[in-house]
Amino acid sequence: MDLLSRSMESLGRSLEYAKNAGVISGACLTLIDNSADSRIRDGLAELLDEHWCQPGDASQLVTTEKNIGYGMAHNRAIVASTMDFHLLLNPDVLFDEHALANAVEFMVSNGDVVLLTPSVSNNQGGREYLNKRYPGVLVLLVRGFAPAFVRGISRDRIAHYEMQDSEADTINHDIQLASGCFM
């Protein structure tokens with residue numbers, strides 16, 4: 001729960017910046033509890049009470065009877081949403097203060113864009129590759145299960161799949177696959 005707490009705090013700071021910049025007027029945070037454990041549900045409810053006190057914002061905790069999966073859980077939140085934009089977010093993502101304002105401004109200015117993924121760095125400051133091309137079965141097997149020396153031999157194929165040839169801060173169109181950690 002510590003990672004989620006830190007994520008909610010950074011989300012709150014980014015939302016506050018976007019509100020102060022006049023980009024958004026409010027937000028609704030929906031936490032999806034995809035477990036059947038009442039202790040997790042209680043902990044999530046406490047986190048909402050503790051960390052989501054933004055004036056003019058709303059929150060809700062949606063519980064499922066069983067683990068319905070990442071995509072289906074988000075689909076429930078999207079269907080219930082009345083907001084203009086919907087952010088799918090993993091519970092371990094930390095925000096730059098300007099991230100949401102920049103994202104919303106970009107989406108508003110580019111009405112043909114229906115999905116946005118940001119430039120992301122890992123804990124060591126290295127680039128994460130959220131946008132991908134359709135992989136072959138071999139690439140998926142090597143990337144997920146092969147020992148390091150086999151991945152090394154296949155690094156060009158993996159780099160192509162992960163779109164490592166694209167610049168970090170350029171706008172890429174016609175993305176085939178996007179990671180669901182932040183979109």
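Because the structure is predicted, anything quoted here is derived from the model rather than measured.
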Could you tell me the separation between the CG atom of Leu88 and the NE2 atom of His74, rounded to the nearest 0.5 Å?
4.0 Å
Rounded to the nearest 0.5 Å, what's the gap from CG on Leu11 to CG on Leu100? Could you check?
6.0 Å
Any sub-3.5 Å donor-acceptor pair from Ser154's side-chain atoms to Val150's backbone N or O?
yes
What's the shortest heavy-atom distance between Met8 and Leu31, and which atoms?
SD-CD1, 4.4 Å
Atom of Tyr129, atom of Met163 and distance for their closest heavy-atom approach
CD2-O, 4.2 Å
Considering non-hydrogen atoms only, spot the tightest contact between Leu44 and Leu4 and give its length.
CD2-CD2, 3.3 Å
Does some side-chain heavy atom of Val139 sit less than 4.5 Å from a side-chain heavy atom of Leu141?
no
Pairwise distance OG(Ser119) to CD1(Ile171) - rounded to 0.5 angstrom
12.0 Å
Gap separating the CD atom of Glu46 from the OG atom of Ser5, nearest 0.5 angstrom
11.0 Å
same_hphob_cluster(Leu177, Leu140) at 4.5 Å side-chain heavy-atom cutoff
yes
Determine yes or no for a side-chain-to-main-chain donor-acceptor pair under 3.5 angstrom, with Asp96 supplying the side chain and His98 the backbone.
yes
Is the backbone of Gly125 close enough, under 3.5 Å, to the side chain of Asn122 for a donor and an acceptor to pair up by distance?
yes
Quick one: does Gln176's side chain get under 4.5 Å of Asn131's, heavy atoms only?
no
Tyr134-Tyr161 aromatic ring centre distance below 6.0 Å:
no
Distance-only, no hydrogens or angles: does the Thr117 side chain make a donor-acceptor pair with backbone N or O of Ala178 under 3.5 Å?
no
Closest approach of Arg41 to Thr63 (non-hydrogen atoms, all atoms of both residues)
CD-CG2, 3.2 Å
Check the hydrophobic clustering (I, L, V, M, F, W, Y; side-chain heavy atoms under 4.5 Å; chains of links allowed) and say if Met107 and Leu89 are grouped together.
yes
How about Leu94 and Glu9: do any of their side-chain heavy atoms sit closer than 4.5 Å?
no
Stepwise, does the salt bridge (charged side-chain N to carboxylate O under 4.0 Å, His left out) test hold for Asp92 with Arg6?
CA-CA 8 Å; Asp92 62 346; Arg6 290 177 46 217; over 6 Å; no
To the nearest 0.5 Å, what is the distance between CG on Leu29 and OG on Ser59?
6.5 Å
Check the side chains of Thr30 and Gln60 for a donor-acceptor pair under 3.5 angstrom, ignoring hydrogens and angles.
yes
Quick one: closest heavy-atom pair of Ser14 and Glu97, and the distance?
OG-O, 3.2 Å
Passes salt bridge (charged side-chain N to carboxylate O under 4.0 Å, His left out), Asp165 versus Arg133? Steps please.
CA-CA 11 Å; Asp165 55 328; Arg133 294 181 176 99; 3.0 Å; yes
Show the nearest heavy-atom pair for residues Ser7 and Val93, with the distance to one decimal.
OG-O, 2.7 Å
Please answer whether the main-chain N or O of Phe95 pairs with a side-chain N or O of Ser10 as donor and acceptor at a distance below 3.5 Å.
yes
For the hydrophobic clusters of this structure (ILVMFWY residues joined by side-chain heavy atoms under 4.5 Å, transitively), does one cluster hold both Leu116 and Val104?
yes
Do Asp33 and Ser35 have side-chain N/O donor and acceptor atoms under 3.5 Å apart?
yes
Any side-chain to backbone donor/acceptor pair from Trp52 onto Ala58? Under 3.5 Å, distance only.
yes
Cluster question for you: counting only ILVMFWY and a side-chain heavy-atom cut-off of under 4.5 Å, with indirect links fine, are Val23 and Leu15 together?
yes
Taking side chain as C-beta onward, heavy atoms only, is Leu3 less than 4.5 Å from Pro91?
no
Can you tell me if Arg155 uses its side chain to pair, donor with acceptor, with the backbone of Gly152 under 3.5 Å?
yes
Can a donor-acceptor pair be found between the side chains of Asn90 and Tyr70 at a distance below 3.5 Å?
yes
Take a 6.0 Å sphere around CE of Met72 and say whether it holds more than 12 heavy atoms from other residues, nucleotides or ligands.
no
Do Arg76 and Thr64 pass the side-chain contact (heavy atoms from CB on, under 4.5 Å) test, and can you show the C-alpha distance, the side-chain angles, and the key distance before you say yes or no?
CA-CA 10 Å; Arg76 282 191 180 180; Thr64 60; 3.4 Å; yes
Shared hydrophobic cluster, Ile40 / Leu47 (ILVMFWY, side-chain heavy atoms < 4.5 Å)
yes
Positive for salt bridge (charged side-chain N to carboxylate O under 4.0 Å, His left out) with Glu162, one of Arg127, Lys132, Arg143:
Arg143
